[in-house]
Amino acid sequence: MISDYYEPLGGTEQYLLSVSKELSLRGHQTAFFYGIQTARTLIDADHQTMFVPEIARIDGRLNLTESNRILSEIAAIKPDIAFFHNVPNFSIIRLISRVVPSCRYVHDHRLFCPKGDKMFLLSGGTCHLKFGIGCYLKTFWRGCLHPSPHISLPL
């Protein structure tokens, strides 16, 4: 499991914890790579965990040392499959997918909404605009940009 957080934060994180528990009950081993550490990050003796800050890095660039370290960790675990959840760094997805069969879950609107929630900021209404250049142009006059500009920009 590769995710931005490894803590009981929201729906995605609760899902990961539930799935890993069920997999363990069925005799499977799970490991977690996560990119953001907080005071609520789990310390878990039942699962192998690895803090990989590059997972959450928005700029998406990996140097050779980082790539080799991540690939070395992957090789040590020898996973059958990698599941990506809320990973904003496409370089990580590309790197790991080249060596491990992978599946990417889309848990929210961050991949196709500049603000991340398909809601208009000013009116509070639901956005029905198609993703694309028109969507980005309308974000300026509808006030939809995410408070962190790097989240709103396509990588």
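If you're wondering where the values come from, they're calculated on a predicted model, not measured in any experiment.
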Would you mind reporting whether [Y] and [X] have side-chain heavy atoms less than 4.5 Å apart?
{"X": "Thr12", "Y": "Tyr5", "value": "no"}
{"X": "Tyr105", "Y": "Tyr15", "value": "yes"}
{"X": "Ser102", "Y": "Ile81", "value": "no"}
{"X": "Tyr34", "Y": "Asp4", "value": "no"}

Of all the heavy-atom pairs spanning [X] and [Y], show the shortest one and how long it is.
{"X": "Phe84", "Y": "Ser97", "answer": "CE1-OG, 3.7 Å"}
{"X": "Thr30", "Y": "Ser20", "answer": "OG1-CB, 3.7 Å"}
{"X": "Ala31", "Y": "Ile77", "answer": "CB-CD1, 4.0 Å"}
{"X": "Ile36", "Y": "Thr41", "answer": "O-OG1, 3.9 Å"}

Subject >> Donor-acceptor contact below 3.5 Å, side chain Ser67 vs main chain Asn63 >> reply: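 Judged by distance alone, yes, a pair lies under 3.5 Å.
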
Original post:
Checking Asn89 side chain against Glu54 main chain: does a donor-acceptor pair fall under 3.5 Å?
Top reply: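 Yes, Asn89 side chain to Glu54 backbone: donor-acceptor pair under 3.5 Å.
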
Please report the interatomic distance [atom1]([X]) to [atom2]([Y]), rounded to the nearest 0.5 Å.
{"X": "Ile92", "Y": "Leu62", "atom1": "CD1", "atom2": "CG", "value": "4.5 Å"}
{"X": "Glu73", "Y": "Gln48", "atom1": "CD", "atom2": "CD", "value": "7.5 Å"}
{"X": "Gln14", "Y": "Leu16", "atom1": "CD", "atom2": "CG", "value": "9.5 Å"}
{"X": "His85", "Y": "Cys103", "atom1": "NE2", "atom2": "SG", "value": "7.5 Å"}
{"X": "Ile96", "Y": "Leu71", "atom1": "CD1", "atom2": "CG", "value": "7.5 Å"}
{"X": "Arg104", "Y": "Ile2", "atom1": "CZ", "atom2": "CD1", "value": "11.0 Å"}

Subject >> Electrostatic pair Arg26:Glu22 at N-O distance under 4.0 angstrom >> reply: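 Yes, Arg26 and Glu22 are salt-bridged.
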
**OP:** Examine the side chains of Ser3 and Asn86 and answer whether a donor and an acceptor come within less than 3.5 Å of each other.
**Re:** no

**OP:** Would you please indicate yes or no on a ring centroid separation below 6.0 angstrom for Phe32 and Tyr6?
**Re:**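 For Tyr6 and Phe32, the ring centres are under 6.0 Å apart.
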
